[in-house]
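The chains referred to below are lettered A, B, ... by the order of the sequence lines, with proteins before strands, and numbering in each begins at 1.
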Amino acid sequence: MTNSKTKVEGLSSTSRRGFLRATATAAGGLLVSLYLNKHTTAQEGVKPSQLPPPPKKDFPPDAFVRVTPDNKVVIQVNRLEFGQGVHTALPLILADELDADWSQVVAELAPAADVYKDPLFGIQMVGGSGSIAHSFQQYRELGAKTRAMLVAAAAARWNVAPDKCRTEASVVRGPAGQSLKYGELAAEAARQPVPATVRLKEPSEFKLIGKQVKRLDSRAKCDGSLKFGLDLDLPGMLVAVVARPPVFGAKVKSFDDGEARKVEGVREVFEIPVTRGGTGVAVVADKYWTAKRARDLLRIEWDETSVAREDSTKLFEQYRQLARTAGLSAAARGDAKAIERVAPADLFVAEYEFPYLSHSPMEPLNTTVRFDGDAAEVWAGSQFQTFDHAAVAEVLSLKPERVTFHTEMAGGGFGRRAVPDSHVQREAASIAKRFKGTPVKLVWSREDDVRGGYYRPMHVHRVEIGVGPDGLPNAWRHVVVGQSILADTPFAMMMKDGVDSSTVEGVNDTHYWVPNFAVSVHHPKVNVPVLWWRSVGHTHSAFVMETLIEELAMRAKVDPLAYRRRLIKPEPEAKKLLAALDLMDEKSAAWRNSLPKGHAVGFACHESFGTGVACAAEVSIRNNRPWIHRVTVAVNCGLAVNPLTVESQFQAGVSFGLSQLMAGGRVTLKDGRVEQRNFDRYVPPYMPDAPVTVDVHIVPSAEAPTGCGEPPVPVLSPAVVNALSKLTGKRYRTLPLVEV
Amino acid sequence: MAKYQLNVNGERREVSVDPSTPLLWVLREDLKMTGTKFGCGVSACGACTVHVAGVATRSCVLPVALLGERPVVTIEAMANDPVGRAVQDAWVERDVVQCGYCQSGQIMSAVALLKQTPKPSDVNIDESLGGNLCRCATYVRIREAVHLAAQKLK
Amino acid sequence: MPRTRTAGLLCVTLFAAFGAWAFLSGARVEARRVADKRAEGLAAWEQVYTVLTHPRCINCHTATNYPQQGDERRRHFANVVRGPDGRGVPALNCAGCHQKANADSTGVPGGPDWHLAPLSMRWQDENDRPLPSAAVCQQVTDPKRNGQMSAQALLKHNAEAELVLWAWEPGRRPDGSERATPPLTHAEFVAATRRWVEAGTPCPSVK
């Protein structure tokens, strides 16, 4: 979301308030800080109507780094790892400035605590592709400060000036050839003052940053030893599943649990509140299969009288009608009426439809809570620790500081674990409240997840374009219809004049320059919970913009890349995107100019979350589906902190974006009920659907790093469809792509 | 409840569970072997893949009552299997994983493929691993790593 | 149309014509008996055909690279493919999910040696539409395409083959409901097959 243009700074001058929090442990480590006193306290009751105040920009090294006597460097990662690679990237940033021996670095996911809040967002979270963008400088300073403290300890011991010492691979070396391992210095370093100012490395001095560094979690994820949240096993733990209403917000009228309670191992069956004011029936048992079987035997009568029963077909009709009327203005420049004066022959109208999409991360949603009466402990793969922590405390009527919140490794998320209302954690807490002293793991089955709401909203875009004599658009009126994600959440304050920018991002801030340009938006209220889905508004906006631009280029009989260059405004903000476009052009030139018969190339370029991306896709048609032979992607993400992760995120992330091209890539509702249940009907891309090869090229840059989690997602779907259009002559404006 | 004698990774294990219980949950909850993952429960994602008498099997849909005498091999045994180890090494070398949740299943499928087809083509890999879902969509690297493992095993 | 059957029809026709000319009443009766038997056999075949084209049977007699599933005969999920011998491919074998018996607690059907019928035994076209009665009948009665089965072997197959029997014990769907069975009972199916076989396995003419 931020688009920082600052160069990678060589020097930090953060002022330091407060005192050294470091305390030498009995073992002599530099700060064991999982249970910091003040810093662990959560936000005092997050008020639903306002975001918490930003945390003090004060990050004591002791909360982030622990050097053990055996010379291990344990680094706390201040946010969730769920595939995006921060569990490796943040430690490598810190380790580089610390001059730590990388082979001895251990990464840990930090629990919920103020000190681990995102320095820009002010809450502990993953989102907006901000992990590296926001914490790069923070982790460098932490590494440099810790290093300075270790050097100061060594210098004191040798009675030499600190600047006569140097460091490498977790060793401090003195001027007379002395050397001490970090592990030997940890206890003394902990007593050194935290420096107010430290020199950060020049980029030329980086040993890890900018190099291809392999993930720290690979082996454990390949041999089955890594424990995800769902793998948690605590002594005496029970497992819960919930029968949720068939329509969002409906309530239990009555239920018969006679048969369910007969299942051996069932402990308790009771009603709990669920999302949107609804209620459900929780079944708690010794094991998952027991709970699931018992749930299948429940007979529940639901009260659906007070809730709207939505229907996708009808919603699309309403959305199409709305799209023909002006909405709340999201962008306007030039003459708003210019579009109305365009001659019919020059007027071009396009209407697009996008369905609801489920995130469906591979690891089903889950949370474990143990309620001890006056305290509680939570284990969750959470993208929003601050909110989820506060929610559990609220449900259990505990002060947040009495709730310890562990961040568990998560099997994907894509936004689904960043839920402002924390509905999963609220359910888990409501259930655990009945079992004092016993941990209860709430498990959502895949069916619960697919029909459980919190989807990428459905959208209709209607675009009217007046094409000028030069073939370029000179008037553009764009109406977007889609539920607001931010409305009715603590983030609602981010909305401006009723406009949720996440609905129109990628359209209202496009780098394409049209003199008379108007974007407006309708946010209908629909009884379906919606959520950000990896790359949020860009999932649909990039598809609309990039298919339209290519269509306009074809109309104008201009090379689609040349057309884009002509239309991208000559402003500094567009430089990142243009550089990506140029690099993609260069790297794909050879193959795309020698395509086999029956193959076509399609392009797309799009900037999101400050990262410019361009891609070319080689496509043919097989079994009435696009067959993607090759994709060339160019990325401009500023300094690539770990180019290996950048490559990996883009190679795979472009295919995540294909979710919306899959024939079964949609969630639909009928009579308020979600029609899909599992991966047999809601079908994400499998290996045969993905490109055969993806080559990723990174624009060399010394600019501050920007995100790589979401920017891969928007580009491939429009590029593929642009290629298909060349092969079939058809336009594809309704997703999913049911037929070619 | 019924008692079952299982052969898991060469060890005899006895469990007392309801006959309807899928092998997946016996492994995860009774034997505390959580390397085998629950993804969909309907054999549509492959995260729960184990080898049953050498056949790559979706353990989430196999009721323990239908297992019989057949031996079960899980991801936990792959480090000690020459093909399994080569596949894991190739995965690490190619930095394949992202969230990693599907990778136990991907690896079990890849090992089953390589044991029957030591030099698989892209088409072989697409078909054999075609039912293993990866939501992160690390497919390009998975394919590369299968080829790499095949080379190493030559 | 196979030559033998064409010749047979021709014979019947010629015989009837000759009978009419020669006033040989016995031959007339015989001709009528043959014609009636053939009509009865064809009617029995049509009953057999309703079973063969029922989803429980035809879902694994596809003309494509994949099996089907469900009463709407949709493509099998998770990219399941036929493989060289109709039993899938390494790591994605039929037997990787389908056990020797139905797994009712998880909703996966099963039977001994669960597999796809070979392409020669396809009862659908490549667009997943069932072939017409005549075409299915020809396939079933053509030894080159039916696995060298004689008429008696066909009867035995329909009466006893375990995967055929499965169609009447198809188990439960994942949601716990019972799978639909073919329109005839198994006994009716066998009886219809027997009538058809006894009538000489006549096939309808191609329209």
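For the pair A/S218/B/W91, no side-chain contact is recorded, criterion being any heavy-atom separation below 4.5 Å from C-beta on. Taking 4.5 Å as the limit, every side-chain heavy atom of A/F679 sits out of range of all side-chain heavy atoms of B/V42. You'll find the side chain of B/Q88 reaches within 4.5 Å of the side chain of A/D223, heavy atoms only. By the 4.5 Å heavy-atom criterion applied to side chains, B/F38 and A/P364 are counted as neighbours. Counting only heavy atoms from C-beta outward, the side chains of A/E647 and B/R141 approach each other to under 4.5 Å.
Contact annotation for A/S659: only side-chain heavy atoms (C-beta onward) come within less than 4.5 Å of a heavy atom of chain B. Of the atoms belonging to B/I125, heavy atoms from both backbone and side chain fall under 4.5 Å from chain A. Of the two parts of A/S648, the backbone and the side chain both hold a non-hydrogen atom closer than 4.5 Å to a non-hydrogen atom of chain B. The contact between A/K227 and chain B is made entirely by side chain atoms (from C-beta outward), counting heavy-atom distances below 4.5 Å. Neither the backbone nor the side chain of B/A79 has a heavy atom closer than 4.5 Å to any heavy atom of chain A. Looking at B/M33, neither its backbone nor its side chain comes within 4.5 Å of chain A, counting heavy atoms on both sides. At a 4.5 Å heavy-atom cutoff, the contact between B/S20 and chain A is made by backbone and side-chain atoms alike. With a threshold of 4.5 angstrom between heavy atoms, A/D233 approaches chain B through side-chain atoms but not through N, CA, C or O. Residue contact with chain B, scored on non-hydrogen atoms closer than 4.5 Å, involves the side chain of A/R293 exclusively. Contacts of A/H87 with chain B are absent, with no heavy-atom separation under 4.5 Å from either backbone or side chain. Interface remark: A/Q84 contributes no atoms to any contact with chain B (heavy atom separation under 4.5 Å). Using a 4.5 Å cut-off between heavy atoms, A/L658 does not touch chain B at all. Using a 4.5 Å cut-off between heavy atoms, A/V692 touches chain B through backbone and side chain atoms alike. Heavy atoms closer than 4.5 Å to chain A are found in the side chain of B/R28, but not in its backbone. In this structure, chain A has heavy atoms under 4.5 Å from both the backbone and the side chain of B/E93.
In terms of heavy atoms, B/A47 sits closest to A/M362 at CB-CE, 4.2 Å. Closest non-hydrogen pair, B/G130 versus A/Y686, comes out as O-CD2, 3.1 Å. Closest approach of B/L133 to A/P684, counting heavy atoms only: CD2-CG, 3.9 Å. Closest approach of A/R446 and B/G39 over heavy atoms only: NE-O, 2.8 Å. Here the shortest heavy-atom pairing between A/P691 and B/V140 reads O-CG2, 3.6 Å. When all heavy atoms are compared, the tightest approach of B/K37 to A/L226 is NZ-O, 3.7 Å.
Among the candidates A/E81, A/H359, A/K214, the residue making the largest number of heavy-atom pairs closer than 4.5 Å to chain B is A/K214. Ranked by heavy-atom pairs under 4.5 Å with chain A, the list B/T36, B/D126, B/I142, B/D122 is led by B/D126. The candidate with the highest count of non-hydrogen atom pairs below 4.5 Å against chain A, out of B/A44, B/C40, B/S104, is B/C40. Between chain B and the residues A/C222, A/G224, A/G411, the most heavy-atom pairs under 4.5 angstrom are made by A/C222. When each of B/L24, B/D89, B/V26 is checked for heavy-atom pairs under 4.5 Å with chain A, B/D89 comes out on top. When the candidates A/P361, A/S360, A/A410, A/S445 are compared by the number of heavy-atom contacts under 4.5 Å with chain B, A/S360 comes out ahead. Comparing B/M78, B/E76, B/R85 by how many heavy-atom pairs each has under 4.5 Å with chain A, the most go to B/R85. Listed options B/G131, B/C134, B/S43, B/G41 were ranked by heavy-atom pairs under 4.5 angstrom with chain A; first place goes to B/G131. Between chain A and the residues B/I107, B/D18, B/T138, B/V17, the largest count of heavy-atom pairs under 4.5 Å involves B/D18.
Within a 6.0 Å radius of CD in B/E14, other residues, nucleotides and ligands contribute more than 12 heavy atoms. A/E264 CD: 12 or fewer foreign heavy atoms inside a 6.0 Å radius.
Ring geometry for A/F228 versus B/Y101: interplanar angle over 60°, hence perpendicular rather than tilted (30 to 60°).
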side-chain contact (heavy atoms from CB on, under 4.5 Å) between A/F414 and B/C136, intermediate numbers included: CA-CA 9 Å; A/F414 320 114; B/C136 302; 4.2 Å; yes
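Without hydrogens or angle criteria, A/K221 side chain to B/C99 main chain gives a donor-acceptor distance under 3.5 Å. Between the A/K287 side chain and the B/E29 main chain, no donor and acceptor come within less than 3.5 Å of each other. A donor-acceptor pair is defined here as one N or O able to donate and one able to accept, closer than 3.5 Å; no such pair exists between the side chain of B/D95 and the backbone of A/L644.
Under the 4.0 Å criterion applied to side-chain N and carboxylate O atoms, A/E363 and B/R135 are not assigned as salt-bridge partners.
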